[in-house]
2 protein chains.
Amino acid sequence: MEARLRDILKEHDLKVTPVRLQVLEVLATSEVALSHHDISNRLSDDSVDKVTLYRTLHAFAERQLIHKVPSDGPNGLYAFRLSHDAHAHFICDGCERVYCTPLPEAARPVAPTLTAGFQVTTQDVRLHGYCPDCHA
Amino acid sequence: MEARLRDILKEHDLKVTPVRLQVLEVLATSEVALSHHDISNRLSDDSVDKVTLYRTLHAFAERQLIHKVPSDGPNGLYAFRLSHDAHAHFICDGCERVYCTPLPEAARPVAPTLTAGFQVTTQDVRLHGYCPDCHA
DNA sequence: CTATTGATGCAACTCAGTTGCATGGCCATT
DNA sequence: AATGGCCATGCAACTGAGTTGCATCAATAG
């Protein structure tokens, strides 16, 4: 497990440190997108400085190891980037957890023809609804 | 003009006050989504208290007069709600302005079949690219 | 015109995220 | 294995968005 995490870091030209291994493990094993606060709580040794954690997240995002998830709330969410394929974010209106799900080819939106002069490069889909836990 | 704004407020069960008329005018005449800061700057008489402005925005959003736009940045954006139809948000990667555009029927994404137990109610599409001003 | 309800303004606060700087640890090179 | 450079870490102090409590004032109903 840890060997695999080590490799991931190296492949992305990131120095291997205890903090980074821990943070990466937390993100890689979470099904939902996590906030700075969430991650901090899940670190076994919770003595990681908040600034270090922010900088670690920035470094990871810069190297495309994780990506920042656009959120409705005030604080940022981060999710491990499983693949570079198109994916959607599922936001549960019950528990407010954000799931990062792959988006099948057939479900992708067609690039709309906008007013002349607007050039679309990428797009992402946000789905609202209820996750299994909050199903009514 | 002002008479029209008055009516909009009344139709949404909101008291008509000078602050609200001004804020509504700013939002209704803007092509792009605006932050608290943007709105504050555009108010002719810029003596409106920041707390009042936040509360005004909350009141408007609660009555569906405007809606909060999910943003990548740290601060919230608000846009006048032209219609209740599906619409997309176009985020210019050059100037970072956010345009609120209607989404034609044909361009809407199909609800993807997710893992069992996930129930989708609404969805919104975010388009990244370049606006006419930033076109390369 | 008056009363009531809710809008406004002010002060002080919380919380996310940032910046500067000094120290310590990772890793390449020998 | 030892050395040294460079970057990751931690600490302190700061910025800026957004909130809360409370007193005052203005919009609308009667």
Side-chain angles (χ1 to χ4, degrees), chain A residues 2-3 5-27 33-41 43-63 65-66 68-78 96 98, chain B residues 2-3 5-26 33-41 43-63 65-78 96 98:
Chain A
E2 198 197 288
L5 298 175
R6 275 194 131 75
D7 291 344
I8 295 179
L9 288 175
K10 282 181 186 165
E11 281 162 21
H12 289 80
D13 289 304
L14 290 161
K15 275 193 190 171
V16 178
T17 70
V19 174
R20 288 180 176 179
L21 284 170
Q22 282 181 62
V23 175
L24 181 55
E25 178 168 6
V26 168
L27 282 163
L34 301 173
S35 68
H36 177 280
H37 187 75
D38 295 333
I39 299 168
S40 197
N41 282 339
L43 292 174
S44 47
D45 136 38
D46 69 346
S47 64
V48 175
D49 188 75
K50 66 169 183 164
V51 179
T52 301
L53 183 46
Y54 277 119
R55 288 199 267 233
T56 302
L57 293 172
H58 288 168
F60 284 6
E62 202 174 306
R63 301 293 162 80
L65 224 167
I66 62 175
K68 203 176 175 187
V69 179
S71 117
D72 293 317
N75 34 12
L77 294 177
Y78 297 88
E96 300 198 327
V98 178
Chain B
E2 197 196 288
L5 297 176
R6 277 196 129 75
D7 290 346
I8 294 178
L9 287 175
K10 282 183 187 165
E11 281 161 22
H12 290 80
D13 288 305
L14 289 162
K15 275 193 190 174
V16 177
T17 71
V19 174
R20 289 180 174 180
L21 285 170
Q22 282 182 62
V23 175
L24 182 55
E25 178 168 6
V26 168
L34 300 174
S35 69
H36 178 279
H37 188 75
D38 295 333
I39 299 168
S40 198
N41 283 337
L43 292 175
S44 48
D45 134 39
D46 69 348
S47 65
V48 176
D49 188 75
K50 65 168 184 164
V51 179
T52 301
L53 182 46
Y54 277 118
R55 288 199 267 233
T56 302
L57 292 172
H58 288 168
F60 283 7
E62 201 173 307
R63 301 294 162 82
L65 223 167
I66 63 177
H67 69 280
K68 204 176 176 187
V69 178
S71 119
D72 292 316
N75 34 13
L77 294 177
Y78 297 88
E96 301 199 324
V98 178

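Lettering follows sequence order; numbering is per chain, from 1.
Relative to the side chain of B/Val19, the nucleotides D/dA8, C/dG9, D/dG18 differ in distance, and C/dG9 lies closest.
Between A/Leu24 atom CG and D/dA8 atom P there is a gap of 15 Å when expressed in whole angstrom units. Regarding A/Phe60, its CZ atom lies at a distance of 12 Å from the C1' atom of D/dA8, rounded to whole Å. Between the P atom of D/dA8 and the CG atom of A/Leu21 lies a distance of 14 Å, rounded to the nearest Å. In this structure, NE2 of B/His37 is placed 15 Å from C1' of D/dG18, rounded to the nearest angstrom. For A/His36 and D/dA17, the NE2 to P distance is 19 Å, given to the nearest whole Å. One atom, CZ of A/Arg63, and another, P of D/dC7, lie 10 Å apart when rounded to the nearest Å. Rounded to an integer number of Å, the gap from CZ of A/Arg20 to P of C/dG25 is 15 Å. A straight line from CG of B/Leu57 to C1' of D/dA17 spans 13 Å, rounded to a whole angstrom.
Side-chain contact check for A/Asp49 versus A/Tyr54: every heavy-atom pair is 4.5 Å or farther apart. Residues B/Gln22 and B/Ser44 form a side-chain contact, since some pair of their non-hydrogen atoms from C-beta on lies under 4.5 Å apart. Between B/Leu57 and B/Ile39, some side-chain heavy-atom pair lies under the 4.5 Å cut-off. B/Leu65 places a side-chain heavy atom less than 4.5 Å from the side chain of B/Leu9. Looking only at side-chain heavy atoms (C-beta outward), A/His36 and A/Leu53 come within less than 4.5 Å of each other.
Considering only residues two or more places apart in sequence or on other chains, B/Asn41 meets the side chain to side chain donor-acceptor pair (under 3.5 Å) condition with B/His37. The side-chain contact (heavy atoms from CB on, under 4.5 Å) search around A/Asn75 returns none, not counting sequence neighbours. Evaluation of the side chain to side chain donor-acceptor pair (under 3.5 Å) rule for A/Ser35 yields A/Asp38 as partners, not counting sequence neighbours.
One N or O donor and one acceptor, one from the side chain of B/Lys50 and one from the base of D/dG18, sit under 3.5 Å apart.
Panel note: side chain A/Arg63, backbone A/Asp13; a donor-acceptor pair is recorded below 3.5 Å. A donor-acceptor distance shorter than 3.5 angstrom exists from the side chain of B/Arg20 to the backbone of B/Lys15, with no hydrogens or angles considered.
Within residues 66-78 of chain B, no residue places a heavy atom under 4.0 Å from DNA chain C.
The minimum heavy-atom distance linking B/Tyr78 with B/Ile66 is given by the pair CD2-CD1, 3.8 Å.
At least one side-chain nitrogen or oxygen of A/His58 sits closer than 4.0 Å to the OP1 or OP2 atom of C/dT18. The side chain of A/Thr56 places no N or O atom within less than 4.0 Å of a non-bridging phosphate oxygen (OP1 or OP2) of D/dA8.
For the helix from C/dC1-D/dG30 to C/dT30-D/dA1, the terminal axes (five pairs an end, C1' atoms, rotation from four pairs onto the next four) enclose an angle of 40°, given to 10 degrees.
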Q. Which parts of nucleotides 20-30 of chain D does protein reach within less than 4.0 Å, heavy atoms only, written one letter per nucleotide 5' to 3' as B for base, S for sugar-phosphate only and - for none?
A. BB-----BS--
